[in-house]
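Input: a single structure, listed below in C-alpha cells.
Everything numeric in this text was worked out from a predicted model, so none of it was measured.
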Amino acid sequence: MTDTHPNLSPARLLTDMRNTAPLVQCITNYVAMNIAANTLLAAGASPAMVHAPEESGEFAAIAGALTVNIGTLSTEWVAGMKEAAKGASAAQKPWILDPVAHFATGFRRDTVAALLALQPTIIRGNASEIIALAGGQSAGQGVDSGDPVEQAEEAAKTLAQSQKCVVAVTGSSDFVTDGSAAVRILGGSALMPKITAMGCSLTALVGAFAATAPKAPFEATIAALACFAAAGKMAEKTASGPASFATAFLDALYNLDDAALETHAGIEVLS
C-alpha cells in the first residue's frame, strides 16, 4: 500500500480515530441505520442517529462530523438534513453528502440541489450518482449504479472543482479526488454489493475519519475507503455467502490493524 502522506496515512488515521472515538451524527435511511451504526462501532467511532429538525442543527455542532444520506426522504427529514448541514457548517465541522439516487425524482433533485448549496465537505456516491451530479448522462437505475467507476473519474474531478470539495466514487474499485490530486483504492469483495446498505455504512465511516482529520478531508476519505476495502477482502476469506460475510466484515473491521491494511488494501496515486 502506498501512503499519500506519511503523517496522514490510513494506518495513522485509523489509530488516531480509535484513540479519539469521534461522535458521528448520521442522518441516513431506515435500511442503513443498523449496519451504519455497527460499522462505526466496529471501527472505533461513536454513532448518533439524529435527524429531527428540532435538534439536528444543534447536535451537528456537538458531533465531530455529520453524514447526510438521502436514501429515505420525507419533508420532515429534508428539513432535518438542512438544519444539520447548516449547524455543521456554522460550527466548522465536516459534513458528508451521500446523494442516493438523486436523479430518480424531482423531490430528490431539489433536495440534493439545496444540500449542495450548503457546501458539503465530501461527496460519496456510486459512479452513476456522481456522473449525474456533475451534469452528465448516467445509466443508473434507482439506487444501483449502471456505470463503472472508471467512467465517472472525470465527472468526479469536475464536481470536486465546481463544489470545492472532495469527491469519492465507490464500486469494484474506488476513486477519490479533490479536483487536482486523485487516487484509486483497490480491495474489497464481490460479496459487498450483496449486503444492503454497505455503501451507506461506508459514508458513515468517511464521517468518522473526517472527524478525526477535519482539516484533511482528502486523506480522511482515502483512509476510510482503504479500511473498508481491506475489511471486505479479509471477510471474503471466511464467508460462505452474504449472511456470513456481513458478520465477518464487522469482525474484520474491528480487528483491522496496520499489517492487515498493508496486506489487503491498495492505494494507487494517480496525480
Side chains of R124 and T221: is there a donor and an acceptor less than 3.5 Å apart?
no
Say you draw a straight line from CG of L261 to CG of L13; how long is it, rounded to the nearest 0.5 Å?
10.5 Å
Residues that, via side-chain heavy atoms closer than 4.5 angstrom, fall in one hydrophobic cluster with V31:
none
Verify, without hydrogens or angle tests, whether R109 (side chain) and F103 (backbone) share a donor-acceptor contact under 3.5 angstrom.
yes
What's the separation between atom OG in S201 and atom CD1 in I195, rounded to the nearest 0.5 Å?
10.0 Å
Could you list all the ring-ring contact (aromatic ring centres under 6.0 Å, His included) pairs where at least one residue sits in residues 185-213, not counting sequence neighbours?
none
Does the side chain of P94 come within less than 4.5 Å of P214's, by heavy atoms?
yes
With rounding to the nearest 0.5 Å, note down the distance linking CG in L133 to CG in L97.
7.0 Å
Please answer whether the main-chain N or O of N126 pairs with a side-chain N or O of E129 as donor and acceptor at a distance below 3.5 Å.
yes
A side-chain contact here means heavy atoms from C-beta on lying under 4.5 Å apart; do N69 and C200 qualify?
yes
So do P120 and I96 actually touch side chain to side chain, heavy atoms under 4.5 Å?
no
Heavy-atom side-chain contact between D174 and V169 under 4.5 Å:
no
CD/Q119: more than 12 non-hydrogen atoms of other groups inside 6.0 Å
no
Gap between atom CG of D110 and atom NE2 of H102 - 0.5 Å precision:
13.0 Å
Does Q25 reach the main-chain N or O of A63 with its side chain, forming a donor-acceptor pair under 3.5 Å?
no
Sidechain-backbone polar pair: S89 side chain, K86 backbone, donor-acceptor under 3.5 Å:
no
For residues 178-189, run the donor-acceptor check on the side chains, cut-off 3.5 Å, and write out each pair with its distance to 0.1 Å, sequence neighbours left out.
unit_1 : atom_1 : unit_2 : atom_2 : d
D178   : OD1    : S180   : N      : 2.9
D178   : OD1    : A181   : N      : 2.8
R184   : NE     : E153   : OE2    : 3.4
R184   : NH2    : E153   : OE1    : 3.3
R184   : NH2    : E153   : OE2    : 2.7
S189   : OG     : L191   : N      : 3.0
S189   : OG     : E236   : OE2    : 2.9

Can you find a pair of side-chain heavy atoms, one from F175 and one from K157, that are under 4.5 Å apart?
yes
I123 and C165: which non-hydrogen atoms are nearest, and at how many Å?
CD1-SG, 3.8 Å
Anything under 3.5 Å between a donor and an acceptor, one on a side chain of residues 237-245, the other on a protein residue two or more places apart or in another chain? List them.
unit_1 : atom_1 : unit_2 : atom_2 : d
T238   : OG1    : A235   : O      : 3.4
S240   : OG     : S244   : OG     : 3.3
S244   : OG     : S240   : N      : 2.8
S244   : OG     : G241   : N      : 3.2
S244   : OG     : G241   : O      : 3.2

Going only through I, L, V, M, F, W and Y residues with side-chain contacts under 4.5 Å, is there a path from L118 to I27?
yes
Over all heavy atoms of both residues, which pair between A211 and P22 is shortest? Give the atoms and the distance, please.
CB-CB, 3.7 Å
Would one find more than 12 heavy atoms of other residues, nucleotides or ligands at under 6.0 Å from atom OH of Y254?
no
So, taking the atom named CD1 in I222 and the one named CG in L225, what distance separates them when rounded to the nearest 0.5 Å?
8.5 Å
Does one hydrophobic cluster hold both V176 and V269, with members joined at side-chain heavy-atom distances below 4.5 Å?
yes
Taking the side chain as every heavy atom from C-beta outward, state whether L14 and C227 have any pair of such atoms under 4.5 Å apart.
yes
Is there a path of hydrophobic side-chain contacts, each under 4.5 Å between heavy atoms of I/L/V/M/F/W/Y residues, joining I131 to V167?
no
Sub-3.5 Å donor-acceptor pair from the side chain of T263 to the main-chain atoms of A260, do we have one?
no
Report yes or no: do V50 and V68 belong to one cluster of Ile/Leu/Val/Met/Phe/Trp/Tyr joined by side chain heavy-atom distances under 4.5 Å?
no
Looking at every heavy atom in both A204 and A36, which two are closest together, and how far apart are they?
CB-CB, 4.2 Å
Does T121 use its side chain to pair, donor to acceptor, with the backbone of W95 at less than 3.5 Å?
yes
Any residue meeting side-chain hydrogen bond (donor to acceptor under 3.5 Å, both in side chains) with N34, in chain and number order, not counting sequence neighbours
N38
Quick check: closest heavy atoms across P47 and A37, and the distance to 0.1 Å?
CG-O, 3.7 Å
Hey, are S128 and D147 close enough side-chain-wise for a donor-acceptor pair under 3.5 Å?
yes
Any side-chain heavy-atom pair from F59 and L23 closer than 4.5 angstrom?
yes
Side chains of C26 and L40: does their closest heavy-atom pair fall under 4.5 Å?
yes
Taking atom CD of E55 as the centre, report whether more than 12 heavy atoms of other residues, nucleotides or ligands fall under 6.0 Å from it.
yes
Looking at CE of M33 and CE of M49, how far apart are the two atoms once the value is rounded to the nearest 0.5 Å?
6.5 Å
Which atom pairs, donor and acceptor, lie under 3.5 Å between side-chain atoms of residues 70-84 and protein residues at least two apart or in another chain?
unit_1 : atom_1 : unit_2 : atom_2 : d
T72    : OG1    : Y30    : N      : 3.3
S74    : OG     : W77    : N      : 3.2

